[in-house]
Amino acid sequence: MSRDGWMRKRANGGYMAAKVSKLDEQFRLDAPREKQKEGASSSIFTGVAIYVNGYTDPSADELRRLMMLHGGQFHVYYSRSKTTHIIATNLPNSKIQELKGEKVIRPEWITDRSVHCQVIMFIFHILLYNISRKPCLSCRLFKTVSKNRNLRTSVDVSHSKMNEIQECSKEEPHLAGASDVKDAPLTNGHTHIVNGALNSEDLSPQSSSQRANEKRLKPPPPTYQEAIKATESHLFPKQLQAPLQVDMISEKTLSPASRSLSHSPVRLNGSHHNAFTSDSASLSTNNVTFKSEPPMDDLISEFYSHSRLHQISTWRSGFSEYVNELHSKRKGAGGASLPGKERLRKSVAQRSIDTKGSSAQVSVKSCILHVDMDCFFVSVGIRNRPDLKGKPVAVTSNRGQGRGPVRPGANPQLEMEYYQKKYTHPEAEDEIHTSPSQESPESRTNGVEQDAVALSMAEIASCSYEARQAGVRNGMFFGKAKQLCPALQSVPYDFEAYKEVALNMYETLASYTHDIEALSCDEVLIDGSALLAEVGASPEDLAKAIRADIKEKTGCCASVGMGSNILLARLATRKAKPDGQYFLKSEEVDDFIRDLPVTSLPGVGPVMGRKLALMGVRSCGDLQQVSLSQLQKKFGPRTGQTLFRFCRGLDDRPVRYEKERKSVSAEMNYNIRFTRVDETECFLTNLSMEVQKRLQEAGLRGRRVTLKVMVRKIGAPLEPAKYGGHGICDHLAKTVMLAQSTDSGQLIAAAVIKLFHAMKVEVQDLRGVGIQVQLLEGHQSATQDCRGLRGRSIKEMLLGQGSSARSNNRDVLQEKIASSTTVPTANSLPYPLSPAEPVPGTSKEQPACRQTPKHSRTRLNFSIEVPSPSQVDRSVLEALPAELREQVEQSWTRRDGRPNNCHSPGTLVLQIPNQPESPGIVLELPNFSQVDPDVFAALPKELQEELKAAYSRATGQKNPLLQLKQSGAGIGNGRVKRRYKRKNAVSPLKKGASPLKKRPTTNSPAKSLPPTGKSREPVNIRKTENGPSTSVSKPEVPPAVVKLAARPPPALAGACDLTDIKTLLREWVTTITEPMEEDILQVVKYCTDLIEDKDLEKLDLTIKYMKRLMQQSVESVWSMAFDFILDNVQVVLQQTYGSTLKIA
Amino acid sequence: MTTLTRQDLNFGQVVADILCEFLEVAIHLILYVREVYPSGIFQKRKKYNVPVQMSCHPELNQYIQDTLHCIKPLIEKNDAEKVVVVIMDKEHHPVERFVFEISQPPLLSIRLLVTDCCLCFHSSDTLLSHVEQLLRAFILKISVCDAVLNSNPPGCSFTVLVHTRDAATRNMEKVQVIKDFPWIVADEQEVHMQEPRLIPLKTMTSDIVKMQLYVEERAQKT
């Protein structure tokens, strides 16, 4: 599916245009800042607008930064008309075709130019893609190359290759200069691509470039060979020719598309088809053919690197790292200086002098401080804007108020589309009046929220306390918030500032103590116990000092809650806010917590809150009345315990500066629209690669892989209100255990794809996909690598995004190479993946070790007398778990010394054929005329067919003896009926959830009949037997001959073979903690059937097997279940045989 | 039709022959394994392609042969439900019972007849060899049954009981197979066992006969 098609189908109006213009604006706004930071800047890239396609080194982010610094343009979305260069290192065939005639260059072009701060040459790095594999493709590329050569220079063909190249490059500057000159004054045109306001200035650069294009159009040269040679020689020893690196020229061949550059602004706005970063559909199409190609799959990582909210969320780990770093530093350097601490110490000393010994400072045993910035985003956003202080303010991507002029009419299309239906409210007037700015480039957006802009469904990331008073809440849609609070002002995101403030805050806190746990970018836990004891300050003093410090350094307010544990500190923070502090003393805890609503406890969200409300629990006081067992029953052992403790203010979690990761995951639920399964698979592969990247970054390997998908709820509209959002969804998750821990994306992808297929969801209805890896274990080398990579200062992590991203990328690439080499070994494992779900009946695939607790060994020796090897049916032996089998074999070797002449060495275990081929089955059938049609009709279909086939085979084999059976026909038919009923009676076992019931329903009576006529003696033979008198004359023709087939052997849930029975029982016992009565009765019935069937041997084996299984089970219910079964069996045996089974 | 000429071939008889042959071997082996007689009177022989111990005591052999000879007609007519080898202690209370529970599929004869006529003897041969294999399993199982049984008190004797179906005994009275070797109804004392424990040994299912062997053992043997 082409991206174009996808976008067209969406009919998204001016959305893309708005987005693109916004991105441009964002770029423009960032540029000065970047320049300022870097100090040096130039305008060498003036007039150049790049678009980065796929993986590049340096990364797209870095390139963007460079473009900022040097006056270029960076397009997130490719536009044929405005993008002058495409940067790529690797392109798939399809893309090359698509981009035919565009300037595709290697990223080195940018870096080289910027590094040398001079215009080297206006020659493009051509992208050479895999000559060997795609000969035709490279030919096409070379064609354009040679065209250029021909066009620009009259290079002598006899020149050496190198010369040619240099010639080539020398020629270039002229043109470069020319085009630069042409483009230079028109730079602005690239940024202002908003449709309505397009003026002649905007048009000119395009026309000029068109002119340039036309100029370049020349007939192709006759020889391609040289060109190929030239390219080869060039691309590879590139590094050697530092300044002249750039040699190849890719030329515009004026494809129809580029020729049809109509420059109509309206059209441009509507036709930005090349959505790139977050367009998962296109992303997967790209990858259909290039699954494992590293450059391809970093589209997802690009998504993540562009999503700034995502970045914020990853800061936490960054800060944790920072704290870690502090700790290791302190270890290394002995006692580090803690200026904050010293200050505090001084002030305390000062005060104690002042107050003269009124040291009411109680020795607090342990004191946790919870520092939380007050509405972080808002306070950061308005810290330089005193005019907004005290006003309702919300941070949202919605509107960049106060930043640049409002441009009315910027996007009437969008307004028409969205606001007419959105705001029919009277206040809508106001809204529409101000709304144009929504689409103005000033407003900042990001990967996640960009969609919301158009809809005014932008979520409010944070709002000031003034706004909260008006009912505005975090996470609310801006439109709604505006209704609630018309005076609400919006402030754009300012990610740079967040970083800066957060960093300041952490630095401030770290000056007091290093016992810090980073909760998020604006939330920190401090274990102040040691500090307070050392300095002799009270928690209040510390909090005051911290708050003052933060206020001073960041200009933002922080609230501090204190308590004897984390929970209390957090709860105290609630009370402390805004801009305050509160120390929850242990004697106040009870009163304090009693009146708190349960939802204020951490971990109690709306769902659990509702559940608790159903139980009549609203406050923590109510919750205290609920018993622990009740809570655990309702919420599970751990959650129950936690709730029980929390509502009493108990919390024993320590403040940990280092947190163990429980899971690594990657999820995308934005813009997920697939049409085909292979797209989905590709996407999953890519997402797995992202997971791999994260695993490797964290130096972890995981065993349990969970695939979470969001599927459009049935009945939900196909397109959610939020553009690209997921709408109303059902959440599904499936988990698989890998055979071993892995961080290989390939393995994860394989597992996940399997899981995905097992889910059987419509790909079209997929709205979100997430992969989570759990059961993590670190692997040493990677951890170290990671430390090495990340163990720099936090500053570097935050500020040097570009560079670190670059090194990350490089790292990932290397790791990918590494992992690709290791993959084969992993794949060669016998079971790279365990089956996704227990498959009933496939016993051989089950790991045998599952149910062999150690004590089974001892018990075995007591309970089971091991028969001699010759005695043992090999099939039975093989069906035993490996461990048991070993024991049996051992016991044989032990026994060898014992005098036992029952078996000679030559005797081998018998291989008795399972079912003797007895072709005579046909003749068991009654004459066809004797068959009661009603009975026949009542038979299951398969049986009917079998019978029909049998009759057709039997024609011509009519036996006169059959005539004798007529008298017995009635009885026989009766029996058939009865059997059928019996079979039906068994069937309830097949329904339901327990493994016993999970048996596939394929076991129709016909199938369970021995197909080869392995006839079973009917139990009630005595009834049909007429005594010796009749049998004297015709002993071989008893009256009851009309049985259609032998009575089916007793079966448990369709299984009648001992191996199957055992498998079934094992599944039953091992997978279910508490047996259901119904199932137990079913087993009892099977056992009694066995007795009736006079198959005591099987009964014995079954009982013994169950005994082993159930008595070694952890749950005592299983022992009870076994006792129950055994009792019943013994009763029946007693009735039938007058004796009971000997169970040793 | 060929079937008519073959009608006289009584497959009940064939089954009875097979089973009696087997029972003879089995009884000898039981007597050996359960140490009813000193092991000196037993010789190793090869039956069903496995080594077995057979008594070479002529009187014992005769007794067993006579017994089986009398059982054979019952098996032929499918009247014998169980053939039981009872091992009794000095007081003639049973301590162990080896029960051969025999049941023959009623269609047996017809099927075999027609099998023969339609598909020649080949299938019949495979059938018999299969039965032989199954019987061998019995023999092997008996030879190791001491592993699952408690040892018997010294001075045991044995007897063979036949459980007949319905009114078979009536008929049996009339036809005495061997002179002076009549069937007598077993004493209650010989039949009843205190707290019997059941130990299944082997079950076989073949086309011609279905048989299972289990041991009933007195809980307290001494």
Side-chain angles (χ1 to χ4, degrees), chain A residues 865-868 870-871 873 900-904 907 910 912-913 916-921 923-924 957 959-962 1013-1018 1021-1022 1024-1025 1027-1029 1031-1032 1035-1041 1043 1046 1049 1094-1101 1133 1137-1142 1144, chain B residues 1 3-4 10-12 33 44 50-51 53 76-79 99 101 103-115 118-119 123 126-127 130 133-134 136-137 140-141 143-144 147-148 165-168 170-171 193 195-203 205-207 210 212 214 216-217:
Chain A
E865 300 288 355
V866 184
S868 73
S870 57
Q871 198 57 28
D873 189 346
N900 192 354
N901 43 3
C902 62
H903 58 95
S904 67
T907 340
L910 296 175
I912 297 162
E917 262 318 301
S918 170
I921 180 157
L923 298 154
E924 275 188 12
Q957 293 181 359
N959 193 323
L961 282 173
L962 288 172
K1014 184 171 144 188
S1015 59
R1016 300 260 170 172
E1017 159 94 359
I1021 181 139
R1022 272 186 246 186
T1024 59
E1025 202 63 56
S1029 52
S1031 62
V1032 173
E1036 70 279 12
V1037 190
V1041 283
K1043 284 180 293 161
K1094 297 186 194 285
D1095 200 343
L1096 290 176
E1097 190 192 10
K1098 203 187 247 181
L1099 174 77
D1100 192 42
L1101 291 171
L1133 269 176
Y1137 290 100
S1139 53
T1140 54
L1141 209 59
K1142 177 182 175 181
Chain B
M1 296 253 304
T3 36
L4 290 173
N10 189 335
F11 269 79
V33 171
K44 203 185 254 184
V50 285
Q53 297 283 341
E76 269 177 40
K77 290 173 229 155
N78 199 10
D79 280 343
V99 183
E101 201 171 5
S103 40
Q104 296 172 48
L107 280 175
L108 160 79
S109 319
I110 301 167
R111 175 156 17 95
L112 284 177
L113 269 178
V114 182
T115 305
C118 297
L119 296 147
S123 66
T126 54
L127 175 94
H130 176 230
Q133 286 172 341
L134 293 174
R136 186 189 303 154
L140 289 170
K141 202 85 184 186
S143 64
V144 292
V148 288
R165 291 179 214 276
D166 298 333
R170 242 189 314 150
N171 203 36
M193 190 190 274
E195 298 176 59
R197 301 283 211 68
L198 192 123
I199 301 126
L201 284 186
K202 190 73 197 165
T203 303
T205 307
S206 78
D207 287 329
K210 183 179 169 177
Q212 71 169 334
Y214 59 88
E216 284 177 298
E217 184 187 32

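Chain A is the first sequence line, chain B the second, and so forth, proteins listed ahead of strands; every chain is numbered from 1. Just the heavy atoms: all of them, side chains too, but no hydrogens, waters or symmetry mates, feed the values below.
Heavy-atom distances place the side chain of B/E217, and not its backbone, under 4.5 Å from chain A. In this structure, chain B has heavy atoms under 4.5 Å from both the backbone and the side chain of A/L1141.
For the set B/V99, B/V33, B/I199, the entry with the most heavy-atom pairs within less than 4.5 Å of chain A is B/I199.
Of the inter-residue distances, the one linking B/Y214 atom OH with A/L1133 atom CG reads 9.0 Å to the nearest 0.5 angstrom.
Put simply, the side chain of B/Q212 gets close to the backbone of A/L1096: a donor and an acceptor are under 3.5 Å apart.
In this structure, the side chains of B/P200 and B/L198 come closer than 4.5 Å at one or more pairs of heavy atoms. The closest side-chain heavy-atom distance from B/V148 to B/L201 is below 4.5 Å.
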